[in-house]
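Chain identifiers are assigned alphabetically (A, B, ...) following the order of the sequence lines, protein sequences preceding nucleic acid strands; residue numbering begins at 1 within each chain. Since the structure is predicted, the reported quantities are computational estimates derived from the model, not experimental observations.
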Number of protein chains: 2
Amino acid sequence: MNFFEENIHLMEGISGFEEAFQSIMKYKKFPKNTILHEAGTICDDFYIIISGIGRVFFYKEDKDITCHFAAENETMTAIDSFIQRKKSKYCVEALEELEVFKISYFDLENLLLINPEFERFVRLFMQHAYVELADRIGDLQLNTAHERYEILLKKSPYLFQRVAAKHIASFLGISPETLSRIRSK
Amino acid sequence: MNFFEENIHLMEGISGFEEAFQSIMKYKKFPKNTILHEAGTICDDFYIIISGIGRVFFYKEDKDITCHFAAENETMTAIDSFIQRKKSKYCVEALEELEVFKISYFDLENLLLINPEFERFVRLFMQHAYVELADRIGDLQLNTAHERYEILLKKSPYLFQRVAAKHIASFLGISPETLSRIRSK
DNA sequence: AAATCTTGTTGATAATTGTCAAGAAATCAC
DNA sequence: GTGATTTCTTGACAATTATCAACAAGATTT
């Protein structure tokens, strides 16, 4: 399981960690286009993707804005709600048939209460996720649409094969027309 | 100490927490315009502001882009470096005379190794910081310069009294001229 | 397979924002 | 306080990006 492979070094020397964590990960499969979480409800699930691709999005008036993609070995959830236990502004959707490991908030909370030494893993995971987000803010702050396109293309070329262009456009913060024009060069 | 006042509820029932944490917080004072951390070096310090205001910024070619402000009871550091222990792309600067509590990476790491039950606090702190960043990405993704200005003005009106307009402009991802025009309406 | 619906492309135009330049205002240094 | 420096404002213009509309291409339904 690759999510562990990438992050297990964070937990070197903590015994029983892998087994305990795997015990709360439930295998699940969703058909393409399934809504895994609806905005306005509280999100209890955190997803680690085994295969397929999903997205997190929200609505601004009628517009649907993608704020996160997750493919193999990446993670997704309605983070505001999962963390703050309040109604979410985000929706979570399967863009392809999705195989995931699902972790329930309550199972995780329980695991961490029983094994406080596992807190460290989650903290380190959050910290790395935070640095990634901070990077993306810098990107949105100062780069042009064209530069942001190039950066995403370099970082996640598979997105352009697998995901509708309109979702990539909103993720980049531009209109579908602008993305189409950028691509035709 | 307000940083604790705001977040202490996260640690209800963990005894010795407040004392232990305070033992690694060193009081420090910096004159206005001090560079607390230089880009390109590893950042060992995390700052909790008691009084004054600071910013975190980076360079894109010759341009100086502010990515974070921190005023009373808020925190700042060169987060990429503090977390990943590698050279930072961020600088940290005092925009006013600054009183802070400084926490060294090594003291914090040490405290957490000795008291793993404190990991929980740092994790929860990171999670809340993460949700805040995610919100800011949504803001940058879909709002116009004018909307972003209104949102910041509502959220942090004191910035406009205390910080140079050019820093606010780069924080909003716009040119100083555009900010000036937005303000004159 | 035809019909329908969604998505992507292209053109024309408008709105937003950036850049450059000059002057005014504010701040800093001595 | 005076002069020097930096910052802010304003105008003119250019570049970027959005919007609207029409059509083409693909996908989905029946």
Side-chain heavy atoms under 4.5 Å apart, restricted to Ile/Leu/Val/Met/Phe/Trp/Tyr: what other residues fall into the cluster of A:Leu172, or is it alone? A:Ile53, A:Phe69, A:Leu95, A:Tyr149, A:Leu152, A:Leu153, A:Tyr158, A:Leu159, A:Phe160, A:Val163, A:Ile168, A:Phe171, A:Ile174, A:Leu179, A:Ile182
Hey, what else clusters with B:Ile114 if you join Ile, Leu, Val, Met, Phe, Trp, Tyr whenever side-chain heavy atoms sit under 4.5 Å?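 When side chains under 4.5 Å apart are linked, B:Ile114 ends up in no cluster with other residues.
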I'd like the 5' and 3' limits of the part of DNA chain D contacted by chain B, with heavy-atom contacts below 4.0 Å.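 The footprint of chain B covers D:dT7 to D:dA12.
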Partner set under side chain to side chain contact (heavy atoms under 4.5 Å, CB included) for [X], not counting sequence neighbours:
{"X": "A:Ala39", "answer": "A:Cys91"}
{"X": "A:Glu99", "answer": "A:Tyr27, A:Lys29, A:Ile50, A:Ser51"}
{"X": "B:His37", "answer": "B:Thr41, B:Cys43, B:Ala78, B:Ser88, B:Val92"}

Given axes from five pairs at either end, by how many degrees does the helix from C:dA1-D:dT30 to C:dC30-D:dG1 bend, rounded to 10°? 60°
What pairs with B:Phe82 under ring-ring contact (aromatic ring centres under 6.0 Å, His included), at least two apart in sequence or on another chain? B:Phe46, B:Tyr105
Partners meeting ring-ring contact (aromatic ring centres under 6.0 Å, His included) with B:Tyr130 (sequence neighbours left out): none
Taking the side chain as C-beta and beyond, is there a heavy-atom pair between A:Ile79 and A:His68 under 4.5 Å? no
Reading 5' to 3' through nucleotides 7-26 of chain C, protein heavy-atom contacts under 4.0 Å coded B for base, S for sugar-phosphate only, - for none: SSSBBB----SSBBB-----
Pairs involving residues 107-117 of chain B, ordered by first then second residue, that meet side chain to side chain donor-acceptor pair (under 3.5 Å) (sequence neighbours left out):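 Checked against side chain to side chain donor-acceptor pair (under 3.5 Å) - neighbours excluded - the pairs reaching residues 107-117 of chain B are A:Arg120-B:Glu109.
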Got a list of side-chain donor-acceptor pairs under 3.5 Å for residues 55-67 of chain A, not counting sequence neighbours?
residue: A:Arg55; atom: NE; partner: A:Glu93; partner atom: OE1; Å: 2.7
residue: A:Arg55; atom: NH1; partner: A:Asp64; partner atom: OD1; Å: 2.8
residue: A:Arg55; atom: NH1; partner: A:Thr66; partner atom: OG1; Å: 2.7
residue: A:Arg55; atom: NH2; partner: A:Asp64; partner atom: OD2; Å: 2.8
residue: A:Arg55; atom: NH2; partner: A:Glu93; partner atom: OE1; Å: 2.9
residue: A:Lys60; atom: NZ; partner: B:Asn143; partner atom: OD1; Å: 3.0
residue: A:Lys60; atom: NZ; partner: B:Glu147; partner atom: OE2; Å: 3.4

